[in-house]
Visitor: 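My questions will all concern the structure given below.
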Amino acid sequence: MTAHLNTPYGGTLIDGLVSPQRQEILQRDSREWLSWDLTPRQLCDLELLLNGAFSPLSGFMRQPDYEAVCHEMRLAGGGLWPVPIVLDVSEELAAKVGVGESVALRDAEGVMLAALQVEDTWKPNKLEEAALVYGTSNPEHPGVRTLLQHTNPWYLGGRIEGLQLPGHYDFKFLRHTPRELRDLFARMGWRRVVAFQTRNPMHRAHYELTVRAATAANAGILIHPAVGMTRPGDLDHYTRVRCYQAVMHRYTPGTATLSLLPLAMRMAGPRETLLHAIIRRNYGCTHMIVGRDHAGLGRDLNGCSFYGPYAAQETFARHADEIGVAMMPFAELVYSPDRDAFVAADEVPPGTETRSISGAELRERLADGREIPSWSSFPEVIRELRRTHPPRHRQGFTVFFTGLSGAGKSTIANVLMIRLLEMGGRPVTLWDGDIVRTHLSSELGFSKEHRDINIRRIGFVASENTKNGAIAICAPIAPYDAVRKEVRSMIQARGGFILVYVSTPLEVCERRDRKGLYAKARAGSIQGFTGISDPYQ
Ligand code: PPS
């Protein structure tokens, strides 16, 4: 049964883990049940449901709660809740499972983490959900894109009984349940705790913000970074956590602590800010820092921001008496060279020189090996960032040749490989179309489906090469644009990606016909030959 724990901090906590006896029963009964393999996002949600961070939720939302949350930001019972916490599943599972049945929720290795008692199944209107929760159905918004393109079509709702929390092998000593963190605060003698939520490495401005908030609130500081899923393109959490660890020595001993939050962020701006606050209340915090554009996205491609810069603070203020933690609102801090100090951007007299560096500019400076000014960041943080983000000329990269058979891809690719090997210093791997067809894709033919699989495989191995600082040269036909783009996005996050179209005209390729395949294709003895009877985009 779900237990309720009463502790001195933050109100009643749900404990989603059941007794060993109950676990045994569930394990035994689950042999008869259907299973669902949780996605990385669902694993994050399940962990926060089971450990009480999502209290008072005791399971994945049922439809009445979901509707009320979307439309009114409230659970059906009336309590404030800003964002749906739902279990999305495939059409196939939804068709098989009935209300009243149980489903075994499993991690990627098949370990059963929890039992879901299905109380509701429904097909949501995702466009409506996007508009209500995110305030937009624009798929440029990463939360909306996830919802519309990467979320399963059906939702299952119901109470969960937990057997174990999802396992983590990384930074175990920095992970705490709400109960553990509350106990830690008590041991440290903290009666007031201000939480700092972040998905970025901590620079000087962030440090300043936390110290000022703690002084104003007379509180201990909890550095509480989200390490579940954050915005695509964010710095990986391993690097971030090393940056946080590097900064902790700057706080007066006993005034700050670091703990990792396995939250899958939605980037839902004001609504997500409320979720952050409810979670922090459950972890025993009394205050939370809310800065400019909290949980927002800055500007979209047209220069418009999805949420106003202070919309999150305004939403928080409207619900302040229901949340259970107090807001510490902050304007953006900018550096004033005259004063050699950080000042609130909205308090700077007109004409005063100020400086700030955006996340994008910081990434560019890292990539180009340019200086990162010491007023903006601590040397120990810059050192960590440089360790995992070497300048572009030391990163791995992929050169991906595409073009018709006989266009000269392999010849150019070989010449390039030899030149790079002559220069030395780095491993080079050539993934030529024919080599791949022999060693990686020998069972595949030339249908669109098989060609796409083939190119994805090449993209996968090249991205591994690139990630490890090596050079991959690929030379398949790769006739379809969509999968070429997929490969680009797989690799770009890990190093360089250069697509080269070897634009030799079909007549020239056909005239060369080194392998005699064009003649066979014209004669009809090879079907679906690129350029003759199959497209090249
Ligand atoms: S794809 O579309 O990218 O998966 O094709 P790829 O793996 O690069 O093809 C490798 C070579 O296969 C030979 N071949 C064909 N090409 C196109 N269409 C058909 N139906 C076909 N059947 C065999 C062709 O010689 C490709 O060689 P090169 O010259 O290396 O591009």
Side-chain angles (χ1 to χ4, degrees), residues 149 396-423 426-468 470-537:
Q149 296 170 14
F397 64 90
T398 293
V399 182
F400 191 103
F401 293 97
T402 168
L404 297 171
S405 174
K409 303 184 295 295
S410 304
T411 309
I412 302 173
N414 268 293
V415 172
L416 177 64
M417 180 176 71
I418 302 292
R419 287 292 290 120
L420 289 167
L421 288 171
E422 266 182 10
M423 287 160 67
R426 258 197 271 203
V428 186
T429 307
L430 175 60
W431 300 104
D432 196 14
D434 284 332
I435 300 172
V436 171
R437 288 261 169 200
T438 309
H439 297 289
L440 276 186
S441 297
S442 56
E443 86 287 16
L444 297 182
F446 288 89
S447 64
K448 165 148 195 329
E449 190 197 353
H450 277 193
R451 288 179 197 262
D452 283 352
I453 296 172
N454 185 39
I455 300 308
R456 277 193 201 103
R457 286 181 189 169
I458 296 174
F460 172 75
V461 288
S463 78
E464 290 295 307
N465 295 146
T466 305
K467 178 180 85 179
N468 293 320
I471 299 169
I473 303 173
C474 312
I477 298 176
Y480 296 107
D481 184 55
V483 73
R484 291 195 297 255
K485 290 207 168 96
E486 235 180 82
V487 169
R488 175 188 287 280
S489 70
M490 273 161 87
I491 295 177
Q492 230 166 22
R494 298 162 156 217
F497 181 83
I498 301 139
L499 182 72
V500 181
Y501 171 39
V502 182
S503 63
T504 315
L506 178 64
E507 312 79 73
V508 179
C509 297
E510 200 171 352
R511 214 178 310 130
R512 290 179 183 161
D513 203 11
R514 291 227 178 102
K515 301 179 187 167
L517 294 176
Y518 280 98
K520 286 190 183 161
R522 287 281 181 210
S525 55
I526 300 182
Q527 306 293 317
F529 195 83
T530 307
I532 306 294
S533 43
D534 223 44
Y536 179 89
Q537 298 176 340

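Numbering of ligands and ligand atoms starts at 1, following listing order.
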Visitor: Decide whether an N or O pair under 3.5 Å exists between Ile526 and ligand 1.
Guide: no
Visitor: Using only atom types and a distance under 3.5 Å, with no angle test, would you say the side chain of Asp513 pairs donor to acceptor with the backbone of Tyr518?
Guide: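 A pair under 3.5 Å: yes.
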Visitor: Are any of the side-chain nitrogens in Arg488 or Asp481 under 4.0 Å away from the carboxylate oxygens of its partner?
Guide: no
Visitor: Write out the residue and atom name of the closest protein heavy atom to atom 16 (N) of ligand 1, then the distance separating them to 0.1 Å.
Guide: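 In this structure, atom 16 (N) of ligand 1 has Ile477 CD1, 3.4 Å as its nearest protein heavy atom.
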Visitor: Tell me, which protein residue and heavy-atom name are nearest atom 9 (O) of ligand 1, and how many Å apart are they?
Guide: Phe446 CE2, 3.5 Å
Visitor: Find all atoms of ligand 1 within a distance of less than 4.0 Å from any non-hydrogen atom belonging to Pro479, and give their numbers and elements.
Guide: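 The atoms of ligand 1 under 4.0 Å from a heavy atom of Pro479 are 2 (O), 3 (O).
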Visitor: Is NZ or CZ of Lys520 both nearer than 6.0 Å to the six-membered ring centre of Phe529 and within 45° of the ring axis?
Guide: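 No, Lys520 does not lie over the aromatic ring of Phe529.
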Visitor: How far is atom 29 (O) of ligand 1 from the closest protein heavy atom, and which atom is that?
Guide: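 Nearest protein contact, heavy atoms only, for atom 29 (O) of ligand 1 is Ser405 OG, 2.9 Å.
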Visitor: Using a strict cut-off of 4.0 Å, indicate which atoms of ligand 1 neighbour a heavy atom of Gly406.
Guide: 29 (O)
Visitor: Report yes if some N/O of Arg451 lies less than 3.5 Å from some N/O of ligand 1; otherwise report no.
Guide: yes
Visitor: Mark yes or no for whether Arg494, through its side chain, and Thr466, through its backbone, hold a donor-acceptor pair below 3.5 Å.
Guide: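 Checked: no pair found.
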Visitor: Heavy-atom distances under 4.0 Å decide this one: backbone, side chain, both or neither, for Ile455 against ligand 1?
Guide: side chain
Visitor: For atom 11 (C) of ligand 1, what's the nearest protein heavy-atom neighbour? Residue, atom name and distance, please.
Guide: Asp434 OD1, 3.5 Å
Visitor: Heavy-atom distances under 4.0 Å decide this one: backbone, side chain, both or neither, for Asn454 against ligand 1?
Guide: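 Side chain only.
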Visitor: In Å, rounded to the nearest 0.5 Å, how long is the span from CG of Asn454 to CH2 of Trp431?
Guide: 11.5 Å
Visitor: Assess the pair Tyr501 and Tyr536: is the distance between their ring centroids shorter than 6.0 Å?
Guide: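 Centroid separation for Tyr501 and Tyr536: below 6.0 Å.
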Visitor: Quick check: do Arg451 and Thr530 have side-chain heavy atoms less than 4.5 Å from each other?
Guide: yes
Visitor: Which atoms of ligand 1 are found less than 4.0 Å from any heavy atom of Pro476?
Guide: 3 (O), 8 (O)
Visitor: Check ligand 1 against Gln527 and write out every atom of the ligand that is under 4.0 Å from a heavy-atom position of the residue.
Guide: 20 (N)
Visitor: Looking at atom 20 (N) of ligand 1, what's its closest protein heavy atom, distance included?
Guide: Gly528 O, 2.9 Å
Visitor: Look at atom 3 (O) of ligand 1 and say which protein heavy atom is nearest, naming residue and atom and giving the distance to 0.1 Å.
Guide: Ala478 N, 2.8 Å
Visitor: Within the 4.0 Å heavy-atom shell around Arg437, which atoms of ligand 1 are there?
Guide: 1 (S), 4 (O), 5 (O), 6 (P), 7 (O), 9 (O)
Visitor: Quick one: look up the protein heavy atom nearest atom 31 (O) of ligand 1 and list residue, atom name and how far away it is.
Guide: Lys409 NZ, 3.0 Å
Visitor: Does even one non-hydrogen atom of Arg514 get within less than 4.0 Å of ligand 1?
Guide: no
Visitor: Is there any N or O on Leu517 that sits under 3.5 Å from an N or O of ligand 1?
Guide: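 In fact, backbone or side chain, Leu517 has no N or O that close.
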Visitor: When rounded to the nearest 0.5 angstrom, what is the spacing between OG in Ser463 and CD in Gln492?
Guide: 12.5 Å
Visitor: Given 3.5 Å as the limit, does a donor-acceptor pair link the side chain of Thr504 with the main chain of Cys509, or not?
Guide: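 Looks like no, no N/O pair under 3.5 Å.
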Visitor: Any non-hydrogen side-chain atom of Ile455 less than 4.5 Å from a side-chain atom of Pro476?
Guide: yes
Visitor: Does Leu404 offer a backbone N or O that forms a donor-acceptor pair with the side chain of Lys409 under 3.5 Å?
Guide: yes
Visitor: Salt-bridged, Asp432 to Arg437, with N to O below 4.0 Å?
Guide: no
Visitor: Side chain or backbone, does Lys515 bring an N or O within less than 3.5 Å of an N or O on ligand 1?
Guide: yes
Visitor: Check each heavy atom of Phe529 against ligand 1 and say whether those closer than 4.0 Å belong to the side chain, the backbone, both or neither.
Guide: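 For Phe529, the contact with ligand 1 is made by both the backbone and the side chain.
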Visitor: Tell me: protein heavy atom nearest atom 17 (C) of ligand 1, and distance?
Guide: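 Going by distance alone, atom 17 (C) of ligand 1 is nearest to Thr530 OG1, 3.3 Å.
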Visitor: Any donor-acceptor pair under 3.5 Å linking the side chain of Arg484 with the backbone of Ala478?
Guide: yes
